[in-house]
Every structure is written in structure tokens, then in C-alpha cells.
Amino acid sequence: MNYWEDPGPGYGVLPARAAVRSDAPRLSLNGQWRFKLSPSVVETGFEAVDFDDSEWDWLPVPSSWQLHGHGSPAYTNQKYPFPVDPPYVPDENPTGDHRLVFELPDAWNGPTVLRFDGVDSCARVWLNGVELGVTRGSRLPAEFAVGDVLRPGRNVLAVRVHQWSSGSYLEDQDMWWLPGIFRDVTLISRPVDSMDADVFVHADYADGAGVLRVESSPGAVVRIPSLDVEVPCGETVTIPGVEPWSAEVPRLYDAVVELPGERVSLRIGFRTVDIVDGVLRVNGRRIVFHGVNRHEHDPVFGRAVPVERMREELLVMKRHNINAIRTSHYPPDSRLLELCDELGFWVMDECDYETHGFFLLDWRGNPADDPRFLDASLDRMRRTVERDKNHPCVVMWSLGNEAGVGSNLTAMAAWTRDRDPSRPVHYEGDLSCADVDVYSRMYASHAEVEAIGKRAEKPLEDPALDARRRAMPFVLCEYSHAGGNGPGGLPEYEELFDRYERCQGGFLWEWMEHGILRADGSYGYGGDFGEELHDGTYVLDGLVFPDLRPQPVLAEVHKVYEPVRLSVVDDMLTITNRYDVLDTSHLRLQWDVADEGIVAVRGTLDLPVISAGDSATVQLPQLPVQNRERWLTIRAVLVHDTPWAPAGHEVAFTQTHLAPHSPAPTPASAPAPHLRGQRLNRELVDLGPGRFDGRTGRLVRLSGWGIEHVPLELWRAPTQHDARTWDATTLDRKTRWANAGLDRLRYRTVSVEPTADGLTVVTMVGAAATDARVLTTYRWTTDGHRLTADVDVEPLGEWSVPWARLGVTFGVPAGFQTMTWFGLGPGQAYPDSRSAARIGRHTRTIDDLQVPYLYPQENGARGDVRWAELSGSAGKLRLAGDPHLAVTVRRWTIADLAAAEHPADLRPGDRVWITLDALQHGLGSPTSGAPILPPHDLQPQQHSFRFSLGS
Ligand code: GAL
């Protein structure tokens, strides 16, 4: 059997140990290596010391070689991109031979290991022509003893990396397949006689004291200078007065373990994780995961993520009230966990283990249940736990993701529990939860989560297992898929986490879009690299763009996850502390009152010190109502700088309407030259500033501008969520809308009648091959300056699909650049994703109103707009909605947006297109199976609305 197809874990690798910082000499072997890619495995003798590699390319290590011009990346979600025949892989197995010549420093001596922190997917390693061994388990470290092979002076390291191996069957995560030596390579000196010296910190927190025991080599001593602690390893010591570690107060104590010949530096966090009465607790308190699933991805470097980027990712998360990370679906770079310890995150650390492609085969032959893969399965779990066991941030181990059920998973769970009973074990793929401590689901609907919250979920067949599972805490290891524009429905999940003690939050899918930066500056997704088989845009499903710029949904997440809730009833403000641990002393309250978006008064409010889980009420200042629309905004902001945000950073906000709505003032002396529509001839009708086509009744001119007018819109450029369903037996909205012809409506003018006070236009709207129609009636009036339309729509015939929107579109000249509006903003707002938008007066350029989703789709609607003013070289155009309308302004049509595959396909035309929506379909999260909540599912309905236009 070829070694890369052996289902075992590899050979020659030392026992796994904790990733630690020590003062033992280290030599980084990162840098420029010689590299040659072959399309299959060919014996070249490249491992020989005197092999001539002078013709080979240079490649940086660490790297994903495809992102340096060698081969192409490929993306699949579930499908294995090779025939499923475990443990075998095809002959076409891209193989990268890597060579490095390095000089050993003069002073170097003694036992040494060569450490690889991550090689995807299988590596065979030679030093100075002598084979050291083979490793698999891409996101896991491997250390080889280099013993006598290491020479003074010149050394030659040769590493052969195969893209495919038996390990690939265990690494079928939803991401790019990116082979390479993608994490650090280091030569590390080891203490004499203790090659496998390890350190295992047990640092509990109970009753105000830390309880410490460090396992290590005989004779080792642990010291924590700031606590005056010095104890032999192996002894348990109780340390009064320590501050516990939590994601909110990540208190770390610097410690040193003195081993014979090595000093290991540690940052110890004292904390105890337990499950009591069905509730997961840390240091005796229930915690709630406001989390994200985080893959390791860099748009330029692939899996070789720079540490500065990791820190930046975490800072962006902290600033958006995210407190937890599931390391989907493998252990991250160790430095990420160091940062999580330091900055404070609850982490679910997941093993590099997924066999999802077997789902497509009804799990036939699943390696998770194949004894040939037992050793590799255990090896992966062992390497995960051993590497990461000292991180206080890790509060749960996860066996992996979507690997079905099987005896290997059972063995992994048993080993984990035995090795580290201090952390619960998680795995979502086995509904019976037989091997785990926490009940977990992905993408359960709100209704299902509610039933679980009541401990009233559908029972398992086995009563004992059912009783066991029903007593467990519940988490959503994935929920609310962020593919493209969406998801909607976040606040409703959050309410369930608030309401049911058992529902301890979840991890949004997913943190970052995995776009790959291409030479033309655009981001590629599945299918952009000539893949035979791929899953297209499914890899674009993050809360942040690949360059970490927030997508609009991140503002929604910030609002929904806010750790204090502010709510106003009458003149009282209630503050609810939703932190797991912190009281409110680090926050202060600021308020302002704005009249039609212009701030009139500001102030501060005393914020009482409220303990985690408690609430308090304070009196608001007396604020007189006013003639214009008046809103009170209250913000909770940081008092002091933190490591992740400066003083003044907003943590939470609320808004309250203080005065009855009064319409935007109209000019007092409005002349009224044309109160009645004037039919000039068969072709034209004039009304105030408007001119209409006399046959179709469509507006063709307004205040001197040529106008195009689409009387009714029911469609939108499908979002990624519109274009996909979880369940293959139901049709996605995009297909249903296309079948119903919402994208190809035809308009039949029924009548165009000047009336005593304006113009009435009746249009029948429908699509080919169906009798589902909409009768649309416009009653236009004018005050001489502006046109006002009262629009009635009435569905007729049999409608069997929801509508994407109910709106009208106007094409105006391209010379408008900017929009100022009074309504929700500054970001977009959709019916089920609008918590973050606030009422105010906002200004954006038309270009900045667009959200450059990597796959173009509906975006950028501003909600509840009372009035908007477009301005630019074309002049000033004022719009108003009554009741409020959503306004979307673009330089391309809805059809252009729908046809584009990348943002660069969208080119400004000779018009600006304004769509005014009275109603919109929500965004939902159907990609992941949770049905859209009923109020946001826009069913065909009779509806009336009003808008006005003028200069
Ligand atoms: C889950 C899976 C994730 C990702 C997600 C996308 O089933 O665990 O890795 O594929 O679906 O919706």
C-alpha cells in the first residue's frame, strides 16, 4: 500500500504534547524553499543531500502552493473531488516536493525535534537524506526526533507533500482544498532525557480560590510570581484571592514551569467548566455563546494566515459583541488560542475530522465507523487535546463535524473524557448524543429551538438516551447562515436564548467569506478556477468580506448580541445586564434627541452598577414633544480604553420616538398650475411638474428630467438565500419566482384618465402562461411642485408564490451622486434584518449605498424612509413615502444586478434607478433549512401606499 493511502496516522511522529513557549533554542525554518509540483507522485530522488534543485522555483513556507502560481484551488462543500474508495486516492495526486538548505547555528547541540504546525494533507520528511517519517492530519502538529541526523553547519530538509491521502477522507470540510506546508516549520531543542516532556495545567476556580495542579516531568516546579506560588509539579495547591478567567475578564497569570533543561512560560487562567442541572456553567455561572464559526482563511495566502490578521479578526469580533468561537472544523493556528486567552473568547475547539461526502452515499463506508481508521481518528483527537489543553479559552472539545455516527467517534469521545474530564465533549452529528455532554444542533428552526428550550423536543426512541439528552444544555453549533445578503431572523433566536435557560446560544455560520483574491483584484469563488466539480457561491457566507470589512449583517449581529439591553417605556429606561460575568461599571450612558434627524440636545445619564443578569430602571430627563419627528437615542459606551476598542466605543443602543409623526413640511406658498391632468394629445398628459405617456400612463418627464417608469415590481435580484434550499425536495425562491415570471412581467394599460384632481392610471400586470395578475391603480395628484401617487394593488387569479417585493421603479438621469434621507440607516434594512438601523438623517453617495457582495444580488435598501433627496449635477430630486417606504438607488437595473456574476460585471449606465418598495420579502436563512418567519414571507396581497416625487 502506498504510504499516503495507509489509513493509519503516519509513522515516526513523536507523542503529541502541549504547544508551549519555552526558552529552549528554536530555529524557524520558515522562508524561501525550493519547490517543484508534479501532477502525480514521481520518484525524483529529491531527498538526496546532493540533489540539484537549482532549476526549481522558490516558494515561501508556510504557504498554500496554489496561491503562488502552482496549480489551482478547488472548492467543494460535501463532495469529495475524487472517487470515494477509502483509503485510496487517484493517481492524479498533485505532489509538491519542498527542499530547504539551512545552517545550524554553531552553539546548537543536544536532542532536537523538527516541528510542523500544519501540512495539508500528507507529508513525508527527510533530513540529510534520512527519512524521519510521515504525517497526516493537516491542521495538527507533528514533531519528528531528528537525533543524530542533524549535522553541524549545512543541513538539507526535504518534504514531499501530497494533496490527497487517506487523511483527505477525514478532512472533507466545506472549504477550499489547499495543499501545502501552511503553518510554521521549526527546529526545537529539547531537554536532555525528556524528549517528550509535556506540561498539563489544571487550573480550576472555586469559592474565590484558584486550585492548581500542573502535570509535568518528575522534578519540575511551577512558579507564579504574582501570586507568590512555587510548587512542585504534580502537587495540588489552593491559591486564595485569585481572579478567575472568563471571556469578559480574561485574567491571565504568567507562570513558569522549570523542567530539567527548559523553562516553559505559560499564561494561566483559573476557571471551572461544569454542567449542573442541565446548564453549562463557567465558574458557577450560566454562559451564553454569542459566537461565530471561524475557518482559517486568507484571501491572498489561503490557509497560511498571518498572525496580525488573526488578531485583527478577533478585534473585529470583540467590537461586534461576539464572545465565542467554534474553530470550525479543525484546531486553528495555536496563536489564535493564545489571542483568545488574552482578549477573551469562549472557544469550542474542534478536531480536524469531517467525512461529510459520505452523507451523499447514505453514509456507506463512513471512515468514522471503519476500524481501519480507528487509529487515525484517535490520533487526531489526541493531537487536538494535547496541543490545546492548557488554554483557558477552550471550554469544550468537539470531536469534529458532520462525520455521521460511528465507533471511531465513540472511541474519540471516550479517550477525550478520560484524558481531560474538565471540559464537556461536543459533537453534533449524532442526534442521540450518546457520546457527548451537550445537545447540539445546526440550523434548527426557531420553533425547534423553542421546543428544545422547554425540554419538550421530539423524543428519541431509546428512553434512556432520551432522558439523558433531555437533561443536557443546548447549543446551536451553527445557525443563521450568512450566505450573501442575510440571514434574517437573528433577534428571534436571541429571544429564545434569553427565555430558555437551556438554550445557551450558538455560533453563527460563518465568520468570513472565503473569496480568493485574483490578479484582476476580484475575489474568486467556487468555479472560478476551472474546477470540474464545485459548489459555486456556497463558499461566500461570512459576516465579513475576505479583507475583514464588515458586511451589513455584522451590524445586526452587534445589535442582537449587545450585552446590555436598553428599553424605554414612558419616561423610564430599563437596563438589563446580559453579560455572563461583568457588571456595568465599565459603561456609561449617553443620549441625544434629534428632530427630523438633527440633534437638538445631548446629555449623559447615570448608569447604576448592575450585576450580570440583573436589571435596573432609571428616570429619563423631561423632554418636550416637538412639532417635527423627534427621536431619543440612548447609547451605552465604554468608559475606558480596552485592548479591543477605545473609550467611547458603543456597546448597545436604543431609540424611542418622542413625538407623533408629522409629515415633512411642504412649501407654504405652493402654486398649483395644473390640478387636473391636461391631455395635450393622444401621446402626452401633463400634471404639475410631470408629463405622462398618454397611452401607458407612465411618467416620462419630471421637472425637466427624462424619466423611465416601471409601474410595478415584484422581483428582486435573487440573493444567495433566494437561490438555494437545504432540502432538495423543495424549490428555492429564485426558481419559484422565475417559474411564476416575476422577472418578466408584462404591463397592459387598462385606462389613463385625467380627473378633476389629477390623473388615474390603471394597469394590469402579469407574466406569460399564468393568470396570476395584479391590478395596479395610480391616482396621481400634484401641488404644483411635486407629484403624489396613491397606489392600490390587487392580486387577481391564482398566486402560488410569494412576492420578492411590492414596489415601483424610476429611472432618472445619471447626474445624481448622493442621497440624503430621513429614515433607517446608515446601513441597509430588510424586514427581518433591521435591528441595527436607526432613525436619523443620513447621507451616502450612490456608490456607497451598494453592498459589493462577491456574488451580486439584492442589497442596499434603506428602510422606513420618510423622505429622501438625491442630489448632484442633475439637480435635486425629492422623494417621500407615506407610509414609509424602502428606497434602493443604483446605477444599474434589477436585471443587470441579477445577471452579474462578479461585482466588476456591474457597470454604471446612463441612468440612476430608484426603486421604492412598500413591502419586501425578508431575507431569511433558507440555505440552512430554517424557514422564514411568517411575518417576513411576503404573500400576494391587496395593498395601498403613497409616494411623492418632485424637485
Ligand atoms: C454545515 C456545515 C458547514 C457548512 C454549512 C453551510 O452543514 O457543518 O461546514 O457547510 O453547513 O451551510
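In listed order, ligands and their atoms are each counted from 1. Note that this is a predicted model, so its numbers are computed, not measured.
- Listed by chain and number, the residues in a side-chain hydrogen bond (donor to acceptor under 3.5 Å, both in side chains) with Y169 amount to none (sequence neighbours excluded).
- Counting only distance, with no hydrogens or angles, the side chain of D172 and the backbone of G357 share a donor-acceptor pair below 3.5 Å.
- Counting only residues at least two apart or in different chains, salt bridge (charged side-chain N to carboxylate O under 4.0 Å, His left out) contacts with residues 400-417 comprise R417-D437.
- Residues with a heavy atom under 4.0 Å from ligand 1: N77, D174, H329, N401, E402, M442, Y443, E478, H481, W509, Y538, W726.
- Listed by chain and residue number, R470, R502 satisfy the salt bridge (charged side-chain N to carboxylate O under 4.0 Å, His left out) test with E457 (two or more places apart in sequence, or in another chain).
- For the pair R469 and Y439, the cation-pi criterion (under 6.0 Å, within 45° of the ring axis) is fulfilled.
- Side-chain atoms of R380 do not come within 3.5 Å of backbone N or O of L399 as any donor-acceptor pair.
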